[in-house]
Amino acid sequence: MTGIDRRDFVKSTGAAAGAAGLAGCVGGNGGGGDDGPTVGIIEDRSGNFGLVGTPKWASTRLAIEEINEDGGILGEQIGIFDPDPQSDNTRYQELVEQAIQQEDVDALWAGYSSATREAIRPIINREDQLYFYTTQYEGGVCDQSIFAVGATARQQLGIVIPYMIDEFGPDAYTIYADYNFGQLSEEWTRIILDENGGNLLGEEAIPLSETDFGSTINRIQEEDPDFVVSMLVGAEHEAFYDQRLSAGITDIPIATSTNMAQGYGHRRLEAPSMENVHCGVNYVEEVDTPASNEYVDAMYDRFDDLEYVNQEGQNNYFSVYMWKEAVEEAGTFDEDAVKEVLQEGMEVDAPEGTIELNGATHHMTHNMRIMRCDENHEIDFPGEPEIIEPTFLEEDIGCNLPENPEERQYEPLADFYDDPFPDV
Amino acid sequence: MVSTTAPAFVDIFSLVNLLLQFLDSFAFLVLAAVGLVVIFGMMGIINLAHGEFILVGAYATTLVAVAGAPFVVAVIIGTLVTAVFGILLERSILKYFYERPLDSMVATWAISIMMIQGTRIYFGNSITQASTPFGSISYGPYSYSAYRVSLAFVSLAVLAGIYLVFTRTEFGLKARATIQDADTARAMGVNTERIYVLTFGFGSALAGLTGALYAPTLSMSPEFGQNFLIEAFVAVVVGGASVVMGTSLAGILLGAISAFFSNVYSTFWGRIALLAAAIIAIRLMPYGITGVIEDFRDRRAAGMSVKEALRIPAIGVFLGFGGGKND
Amino acid sequence: MIERLKSALGALNGPNTYGNSRAFWVLFVVGVVGVFAYPMATGSYRAGQASLYLLYGFLALSLCFIWGYCGVLSFGQVAFFGLAGYTFGVVTLNFGAGATVPAALAGVVIATVVAAVLGYFMFYGGIRDVYVAIVTLAFTLVLYTFMAQTAGSEWAIGDARLGGFNGMPGIPNITVGGTALSGETFYYLVAVLLLVTYLGMRVLVNSRYGRVMVAVREDEDRAEMLGYNTKFVKFAVFTFGGLLAGISGMLYASWGNFIDPSVFALSFAALPIVWVSIGGRESLIGAIGATFFIERLSQELAATGSEWALVVIGALLLGVILLMPKGFVPMIDSYAKVGLRWLKKKRGKSEKEVPAVDGD
């Protein structure tokens, strides 16, 4: 348990408050001292990721406030450290250090993009900090200090691509943001197409800051696919949907794992530019269940300026409650004890429905849905939600963190699968 | 791309693709740069808040259009709002920086971050986008956004407009006199202060127009203006300080390169080719296309024949022996 | 012996630096002691945080040197910063933590060479004034766009993947004599390097070379007519600036164990200009101080989580640049001079005989 040693060392040499914090960690009353337990919420509220980060910040705050109103955890009120990292990775590194070393947080929610996750991962690993990464992502992170509770590409594309093949035909064309997330999602697209009898006609990587999609649209028309798989990200890439509309090709359906669920393009872009877009999601605010409605109402009651409750916001929300349960079961805020409880697995009642934490891989099962957008930008969810398990790490790779505490990311084609479409 | 046995007419359509992509890229480059070039070329100020002037135009246009006004009216209002905004900023802050143009970069950068965050605080992370006018141009199996293509013609009109303003109006004459020698102009009775205000207002209006025109095509967020900066600065480097000639030729050159590579290869290579062109241009034309043209004029004035004057010593330039504009 | 020491110390003072008086040096020594005592008082975390601001000091010095002393405004110092950081990452990821010192040298060498090539093209190509800013900015933005799209596995140098937008994680800490430097030890490394660099640069700018640089800044054409090769002066100064920026970038990669394309972004490229303008373009100590102060302040403001943080920073910068055209240190210096003159006058001395407290 080098992690504990490290923290003890930091505390004994660090600020005076450290001693109290240490007592809190091992104390029988489960916390205490002057500080009390604290969580870090380091989510973007300004800069490029402000749009998608704000609901994450708000959800985490809401969950902690609800818990505190309800009497806290183990009889203690939970403190909040919630700076604004301003979508700047260097600032993230500084703030995560501050959260761990000065604020002595007992659990941390931080970061939207995978770049941010990678930037702060060395600190998280060095300090052995209990950390929840909640964004839907490319998958494959097998890391003993990270609980990656968002849906993975395997889960999101795994619901939407089979549906597209059934509904529209087997031929797909993929466009994806040219970075780690997009590239690995594109690899998953190949694998899932192949598993479901689909066919890949072509693919194109789009630079992240690109706003001009004229040539891309021409290439899609040239290939004439049954559907397009889009892993475009960010405000720049949303220009694709407008150009798709004004080029008059909204009749080509789109499957996506990114658009709408995070940046709520169906609310912000003019109708009908998102018409015929299908996103694989585990949650969005349109999900119409009692649990979901209760959560959404609470969010809008608490935050007047809130624009949307996105998929990632819900992931922050349920993971706070998951942490609460683990702390209560462990009877202490001590991070190693809490982690041990979490690693035994846990069932969680989330706004998206009942889901399960897989202790071995630190990933979740999710209620995956197809979020379909019509010409008036109204959302519906064809079919029943389907529980999809995070099988890649557990079954294919054999990631077992309690037994083998790794810190790495596995990639589908490099580490397990053969490329089913090597010529495209 | 797997190209199956394509009949000949498909190739004609592919050429149309290329042409439309070129017009699209040309318009984007020119419109991204014009406001920046006017303020830089005429006043020597590098306006780091250029993107946020575009943002003002875009937000004003969108708010007016979404409220129900016709798109053209919204564009005009967006442009005017940005002009007024620019003038107010000039009167309240930037006029103190004319003696020190380099400090104005710090000032405009400060203004830029305040405006982005101010927009976020006031309007939130996003506002609803206006709808794109016109529909699509269809040909064979392909189609293209008619609006984006039409922007190429708007950008030509803008360039022509700038040319007329600076050559055919009294303001233009006085502005050019002020830029060349402010003291003399003042001695001749030109109210130079007023000229600076108007020039800045004009540059702001152009940036606002860019924002207004692209408002329906890009998603609205406080970072809207950042979309234009790389293209704008690359166009300025390649074009040089001459507003009309430099910018239009830069637009043609870079637009053609970018369109060719993104159309024939991929968007990725279009981007790489654009950057490579910028680097090569920095080397071959240190003062941009403007510098090359001025060199040509100087050589002609020095009595060289057209043929001699046209001979740009490219290899010598590349090795660093002269070339470019040495003043 | 004492004479020799005096002349060695004398080399530190001169007309091209602010702060030549005994009072300044006393304060300086107190300040240095304070900097070295800081980690003992605050612990490892604060030292780690402060070492970021100190390592940015090299970046600020690089711009202060070429802009403040030679009149060349580079908007692209972060390009050399970033290239050195990436080089450090590539070398260490290929050869392991044992190679951090050669990697550091490689980073600085690459930054210097690229600065030399770009400087050669620019200054021998006849680029002057504000065009230098435009060209260097364009160069930086080109690097930004390029590095952001190097995500594929084909963009790798040996074992080190460039990583595109996600950047390059897992860069080891700089390791000297078997000890990986982080926290306090890293802080001391940066502080010592910065102190030596600062003193060395004072000697340099007050030497004959410094006077030539200033001559080029004040009137390039006249300097040229007096027989100086102004192109070479600018080229050499720019190259040295690249070296300083390279030291900064190499330390940055080691500090965060990470580097990504945002080091080439416009928002980062503008920062050195802001630091140097606020501190005083012609003041080396001002550049370092302003960097530390501004970065610390932005961090504290970000930590509050207030949505007004960025607005406050912007307003502050705007206010300083409006009210203190020459920057903070020159303003303090002129106040100090006025104050001292007034004091001496009171004592009945003639104004003319009073030596300037701080040279100018």
Side-chain angles (χ1 to χ4, degrees), chain A residues 9-11 13-15 18 41-42 45-47 50 57 80-95 97-103 113-123 125-126 177-184 205-210 233 407 409 411 413-414, chain C residues 39-40 42-49 52-53 56 141 144-146 148-153 155 161 163-173 182-184 252 255-263 265 267-268 271 295-296 298-311 313:
Chain A
F9 170 75
V10 168
K11 272 163 196 152
T13 58
I41 311 171
I42 310 185
R45 279 174 279 154
S46 54
W57 165 78
I80 294 176
F81 173 63
D82 61 340
D84 177 7
Q86 302 163 349
S87 306
D88 175 338
N89 285 338
T90 306
R91 185 128 291 148
Y92 259 108
Q93 293 180 317
E94 291 182 76
L95 290 169
E97 290 270 9
Q98 186 176 353
I100 297 174
Q101 309 223 28
Q102 186 174 304
E103 306 296 327
S113 73
S114 48
T116 300
R117 185 193 68 226
E118 292 304 312
I120 62 176
R121 198 153 79 149
I123 306 168
N125 286 338
R126 164 162 50 84
D178 193 7
Y179 75 120
N180 186 271
F181 165 77
Q183 289 174 338
L184 293 181
I206 311 287
L208 275 169
S209 54
E210 189 59 56
V233 299
E407 291 172 357
Q409 180 168 18
E411 302 182 0
L413 292 187
Chain C
M40 296 171 207
T42 59
S44 177
Y45 153 65
R46 280 288 179 193
Q49 187 195 40
L52 175 67
Y53 313 143
Y56 280 155
L141 293 180
Y144 172 68
T145 321
F146 175 74
Q149 50 201 33
T150 55
S153 50
W155 298 102
R161 274 172 67 164
F165 174 76
N166 274 26
M168 202 186 263
I171 299 173
N173 287 318
S182 68
E184 286 108 326
Y252 171 83
W255 174 83
N257 309 116
F258 177 78
I259 191 159
D260 73 2
S262 64
V263 293
S267 53
F268 190 56
L271 281 183
E295 285 310 296
R296 180 72 195 264
S298 340
Q299 155 73 10
E300 296 289 332
L301 282 170
T304 65
S306 162
E307 60 181 359
W308 292 95
L310 289 167
V311 178
I313 285 285

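Throughout, protein chains are lettered first and strands after them, A, B, ... in sequence-line order, and every chain is numbered starting at 1.
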[atom2] on [Y] to [atom1] on [X], rounded to 0.5 Å:
{"X": "C:Phe165", "Y": "A:Ser209", "atom1": "CZ", "atom2": "OG", "answer": "10.5 Å"}
{"X": "C:Trp255", "Y": "A:Glu94", "atom1": "CH2", "atom2": "CD", "answer": "5.0 Å"}
{"X": "A:Asn89", "Y": "C:Ile259", "atom1": "CG", "atom2": "CD1", "answer": "11.5 Å"}
{"X": "A:Gln98", "Y": "C:Gln49", "atom1": "CD", "atom2": "CD", "answer": "6.5 Å"}
{"X": "A:Asp84", "Y": "C:Thr304", "atom1": "CG", "atom2": "OG1", "answer": "8.5 Å"}
{"X": "A:Gln101", "Y": "C:Arg46", "atom1": "CD", "atom2": "CZ", "answer": "11.0 Å"}

field: Working for side chain to side chain contact (heavy atoms under 4.5 Å, CB included), residues C:Ser262 and A:Asp88
entry: CA-CA 8 Å; C:Ser262 64; A:Asp88 175 338; 5.5 Å; no

Contact winner vs chain A - C:Ala302, C:Pro169, C:Gly164, heavy-atom pairs under 4.5 Å: C:Ala302

Which atoms of [X] come close to chain A, meaning under 4.5 Å heavy atom to heavy atom: side chain ones, backbone ones, both, or neither?
{"X": "C:Tyr252", "value": "side chain"}
{"X": "C:Ala303", "value": "both"}
{"X": "C:Glu295", "value": "both"}
{"X": "C:Ser298", "value": "both"}

Looking at [options], which one has more heavy-atom pairs under 4.5 Å with chain C than the rest?
{"options": "A:Leu208, A:Asp82, A:Thr90", "result": "A:Thr90"}
{"options": "A:Arg121, A:Arg117, A:Gln93", "result": "A:Gln93"}
{"options": "A:Pro122, A:Ala119, A:Ala177, A:Ala414", "result": "A:Ala119"}

query: Passes salt bridge (Lys or Arg N to Asp or Glu O under 4.0 Å), A:Glu118 versus C:Arg161? Steps please.
result: CA-CA 13 Å; A:Glu118 292 304 312; C:Arg161 274 172 67 164; over 6 Å; no

Heavy-atom proximity to chain C below 4.5 Å, by part of A:Gln183: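 Interface part for A:Gln183: side chain.
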
Region of A:Ser113 that comes under 4.5 Å of a non-hydrogen atom in chain C: side chain

- prompt: A:Ser114 and C:Asn166: which non-hydrogen atoms are nearest, and at how many Å?
  reply: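 Shortest heavy-atom separation between A:Ser114 and C:Asn166 comes out as OG-ND2, 3.2 Å.
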
message: For C:Gln149 versus A:Pro207, what's the shortest heavy-atom pair and its separation?
response: OE1-CB, 3.2 Å

query: Under 4.0 Å between a Lys/Arg side-chain N and an Asp/Glu carboxylate O for C:Glu300 and A:Arg91?
result: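 Salt bridge flag = no for A:Arg91 with C:Glu300.
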
- request: Check for a donor-acceptor pair, side chain of A:Arg45 on one end and backbone N or O of C:Gly305 on the other, with a separation under 3.5 Å.
  value: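 Here the side-chain-to-backbone pair exists.
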
